[in-house]
K.L.:
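Can you keep this structure in mind? I'll have questions shortly.
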There are 2 protein chains.
Amino acid sequence: MDRLLQLEVFSKTAELGSLSKAAETLRMSNAAASRHLSALEERLAVRLIERNTRRQWLTEAGHEFLQRCSTLLNELAEAEGAVSDRALSPNGMLRVTSSLSFAMIYLAPMLPAFRALYPKLSVQIIAANRYPDFIEAGIDVAIRTREQEPDSSIVVRRIGQMRRVLAAAPAYLARRGRPEHPADLARHDMLIYNHANDPYSLRLSKGSAAETVRIAPTLDSNDGQVIRAAALAGLGILIQPLYIVQGDILAGQLMPLLVDWELPLLTMNIAYQNRVRLPAKIRVFSDFLVNHIREHSHARIWMDATRQTTHTPSNSGRSIRKQNP
Amino acid sequence: MDRLLQLEVFSKTAELGSLSKAAETLRMSNAAASRHLSALEERLAVRLIERNTRRQWLTEAGHEFLQRCSTLLNELAEAEGAVSDRALSPNGMLRVTSSLSFAMIYLAPMLPAFRALYPKLSVQIIAANRYPDFIEAGIDVAIRTREQEPDSSIVVRRIGQMRRVLAAAPAYLARRGRPEHPADLARHDMLIYNHANDPYSLRLSKGSAAETVRIAPTLDSNDGQVIRAAALAGLGILIQPLYIVQGDILAGQLMPLLVDWELPLLTMNIAYQNRVRLPAKIRVFSDFLVNHIREHSHARIWMDATRQTTHTPSNSGRSIRKQNP
DNA sequence: GTCTCTTTTCCGCCTAGTGCAAAAATGGAC
DNA sequence: GTCCATTTTTGCACTAGGCGGAAAAGAGAC
């Protein structure tokens, strides 16, 4: 028997002065209400409501207990309401990790709008060019270019696909000449972003023609800004998402190369741990980011994004460490 | 499902860091504990404890809810404990009514010893020479001489039987002569206590002889002290419980009459409303009074009392008015 | 990959809780 | 005193739901 319901029957009976009315209010039969109240009195070994078929009144014990259990029922309702509400109204701290470039160019600029929508939610951006372990780093959300996670409990959701470009400084081109064909790249100094899929094999296509070039990196890094700085210094030809170097190109400090050829797109994903009930903050952030990218995307940087979860493991899958309370 | 048990499972799991340990502590199976916790999370629509088979930790919502429900569980245990304790440790106010004489001679003198035993219980003695309605007067206990109650919900329990005496002032006897035989009483001025059974018919016995005398009261009253005062003033012959006039007789102010003859005993009862669970204060007071009378009775005043409830109606019988909270 | 241990879920059983209706009680009207 | 309407309590039959055991699933240690 639900002991809370016993307290509710007692409280409501005292309030309304009638077991029958309490039963009606609590949507149960008179018999059930009578049994709940009797069970409570038996458990406490005391008569709480002295009553007959015509009248009833609280005993002294009943008076005292009523005050206490009314308070308790209110507090419980408030506690349960508060905790249910927080599932709908995200608050606390959200920890996001992404590349430095993505953080600078996309995450930071969009935060004011996000915070305006969710004032109780703090966002901490961890710019990292390695993939930290979710658990160890306390990461809620990661923006990543890789499409698969070794951890089966991580959900990967596509944000979109980005164009990439080949570009070099004018000084480099003056010194080493300009590549006219994809095959020429094999003889050039290449600056590679090693977090891309198969970064040392480059596939370019023009119309129906396609060429795959194996390149030997002069420098490879997991940091887009490092690669950008090296290219600006004339150390070689970079291949990077357009969003990172668009400003340099417009300023004439980097010259785009083989612009008639198309490079493979870079898929950008958001990843988070799958949970029985996804915390609201992760849900709202993901939705906001995807929508923000979609609304502010330029065709030259982003291809049309499709909302798609590429991998959803079973609900019981977890890979997490017990935290000290 | 017992919602309080759900809270207990959650609280204990958080405390011990393991559903299995919580189950063991709460003496239930692992399966049951798992279901209770899941049911609570479903009811609140939020994950309280993130967990897998190897580790678990509180979510933010879980942290907040744990603080609140730990408090609630403690408060409820305290409330239930307090109300159960009061059933064992009577407190509050007990209202007792009796005749003025009984109050002065028996109740008041025994109160110090009673209060020493039950310091939290206040006793209010309502000296009355009429029988007030239990409900209207808020009476808990009544000391009465009548043996039956019109209200079937009232329990009557015998305290004992008291000797009665005939006595008159010397001045009256000098003026009117001394009755030598019960029949002589018919020619005397009689002072009658009208709360006795059949107060106008007097049956006296000596050995195997018995005489019944019909007497016409010069004065009758429901107050023993009024009758006593009239006798002391020489207005007539009284018949009263010995305990009321013993002091006057010893002082020579009243002369006992027809002392070889025995008068009918006066039955003294305690009465209270029958209840499913008799409030502790009524129970302890009744027991104390009966035991006190037994221990301090003098053969000359009390005959041996027998513990006996003369009428116990069915438990559902009540005659009470709903009180405003 | 195997082992161990915990959590979750399935299954069959059983009991506790249900509503209905009758019994009992109560108080007001007459 | 009797009748009536209404409430509380209790008996009864039924079933929904909660149980424990065991299997399934998962996770970390080795």
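A note on names: the letters A, B, ... follow the listed sequences, proteins ahead of strands, and every chain is numbered from 1.
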K.L.:
Using OP1 and OP2 only, check whether a side-chain N or O of A/S20 sits under 4.0 Å from D/dT8.
P.N.:
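A/S20 to D/dT8 OP1/OP2: side-chain N or O found under 4.0 Å.
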K.L.:
Which whole-number value in Å describes the distance from A/L16 CG to D/dT6 C1'?
P.N.:
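In whole Å, D/dT6 C1' and A/L16 CG are 17 Å from each other.
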K.L.:
B/T53: what forms a side-chain contact (heavy atoms from CB on, under 4.5 Å) with it, not counting sequence neighbours?
P.N.:
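In terms of side-chain contact (heavy atoms from CB on, under 4.5 Å), with neighbours along the sequence ignored, B/T53 is linked to no residue.
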K.L.:
Round to the nearest Å and state the distance from A/R47 atom CZ to D/dT9 atom C1'.
P.N.:
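Rounding to the nearest Å, CZ of A/R47 and C1' of D/dT9 are 10 Å apart.
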K.L.:
Start at the 5' end of DNA chain D and walk down; is the nucleotide closest to B/M28 or to A/K21 reached first?
P.N.:
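Between the two, 5'-proximity favours A/K21.
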K.L.:
Does B/R55 make a side-chain N or O approach to OP1 or OP2 of C/dT6 shorter than 4.0 Å?
P.N.:
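No, outside the criterion.
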K.L.:
Please state how far atom CG in B/L26 lies from atom C1' in D/dG20, giving the value in whole angstrom units.
P.N.:
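Rounded to the whole Å, the gap is 16 Å.
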K.L.:
Is B/S18 near enough to C/dT7 that one of its side-chain N or O atoms lies under 4.0 angstrom from OP1 or OP2?
P.N.:
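Affirmative; the distance criterion is met.
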K.L.:
With sequence neighbours excluded, give me every salt bridge (Lys or Arg N to Asp or Glu O under 4.0 Å) pair touching residues 13-35 of chain B.
P.N.:
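Sorted result for residues 13-35 of chain B: B/K12-B/E15.
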K.L.:
For nucleotides 10-18 of chain D, just jot down a letter per nucleotide in 5' to 3' order: B, S or -, based on protein non-hydrogen atoms under 4.0 Å.
P.N.:
BB------S
K.L.:
Name all pairs fulfilling the side-chain hydrogen bond (donor to acceptor under 3.5 Å, both in side chains) condition that reach into residues 71-82 of chain A, sequence neighbours left out, sorted by first residue then second.
P.N.:
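Listed by first then second residue: A/E80-B/R43.
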K.L.:
Select one nucleotide: of D/dT9, D/dG20, D/dT8, the one nearest the side-chain heavy atoms of A/T53.
P.N.:
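Closest nucleotide among those given: D/dT8.
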K.L.:
Which whole-number value in Å describes the distance from B/L5 CG to C/dA16 P?
P.N.:
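The distance from CG of B/L5 to P of C/dA16 comes to 15 Å, rounded to the nearest Å.
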K.L.:
Could you state the atom-to-atom distance from CD of B/Q6 to C1' of D/dC19 in whole Å?
P.N.:
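After rounding, the reported distance stands at 15 Å.
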K.L.:
Looking only at side-chain N and O atoms, does B/Q56 come under 4.0 Å of OP1 or OP2 in C/dT7?
P.N.:
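Yes, because at least one side-chain N or O of B/Q56 sits under 4.0 Å from OP1 or OP2 of C/dT7.
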K.L.:
The criterion is side-chain contact (heavy atoms from CB on, under 4.5 Å); which residues satisfy it with A/S70, sequence neighbours excluded?
P.N.:
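Only A/S11, A/L66 meet the side-chain contact (heavy atoms from CB on, under 4.5 Å) criterion with A/S70.
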K.L.:
Shorter than 3.5 Å, N or O on both sides, protein versus nucleotides 1-5 of chain D: list them out with atom names.
P.N.:
from  : atom 1 : to    : atom 2 : distance (Å)
D/dA5 : N3     : A/R54 : NH2    : 2.8

K.L.:
Excluding sequence neighbours, so at least two apart, what forms side-chain contact (heavy atoms from CB on, under 4.5 Å) with A/A45?
P.N.:
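Not a single residue meets the side-chain contact (heavy atoms from CB on, under 4.5 Å) criterion with A/A45.
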K.L.:
Rounded to whole angstrom units, what separation is found between the CD atom of B/E41 and the C1' atom of C/dT8?
P.N.:
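My rounded result for the distance is 12 Å.
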K.L.:
Compute the centroid of each ring, for B/F65 and then for B/F10, and state whether the two points are separated by less than 6.0 Å.
P.N.:
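Yes, the ring of B/F65 comes within the 6.0 Å limit of the ring of B/F10, centre to centre.
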K.L.:
For A/E60, which residues count as a salt bridge (charged side-chain N to carboxylate O under 4.0 Å, His left out) partner, sequence neighbours excluded?
P.N.:
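By the salt bridge (charged side-chain N to carboxylate O under 4.0 Å, His left out) rule, A/E60 matches B/R86, B/K281.
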K.L.:
Judged by atom type as modelled, is there a donor-acceptor pair below 3.5 Å linking the side chain of B/E41 to the main-chain atoms of B/R47?
P.N.:
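Here the side-chain-to-backbone pair does not exist.
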K.L.:
Please give, in whole Å, the distance from C/dT9 C1' to B/E42 CD?
P.N.:
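Atom CD in B/E42 sits about 14 Å away from atom C1' in C/dT9.
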K.L.:
Do other residues, nucleotides or ligands put more than 12 heavy atoms under 6.0 Å from B/Q67 CD?
P.N.:
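Result for CD/B/Q67: open.
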K.L.:
On the nucleotide C/dT6, are OP1 or OP2 found under 4.0 Å from the side-chain N or O atoms that B/N52 carries?
P.N.:
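No, because none of the side-chain N or O atoms of B/N52 sits under 4.0 Å from OP1 or OP2 of C/dT6.
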K.L.:
Restricting to side-chain contact (heavy atoms from CB on, under 4.5 Å), what partner residues turn up for A/S34, sequence neighbours left out?
P.N.:
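Here the qualifying residues are A/L19, A/S38.
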K.L.:
Please give, in whole Å, the distance from C/dG19 P to A/R27 CZ?
P.N.:
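To the nearest whole Å, that distance equals 13 Å.
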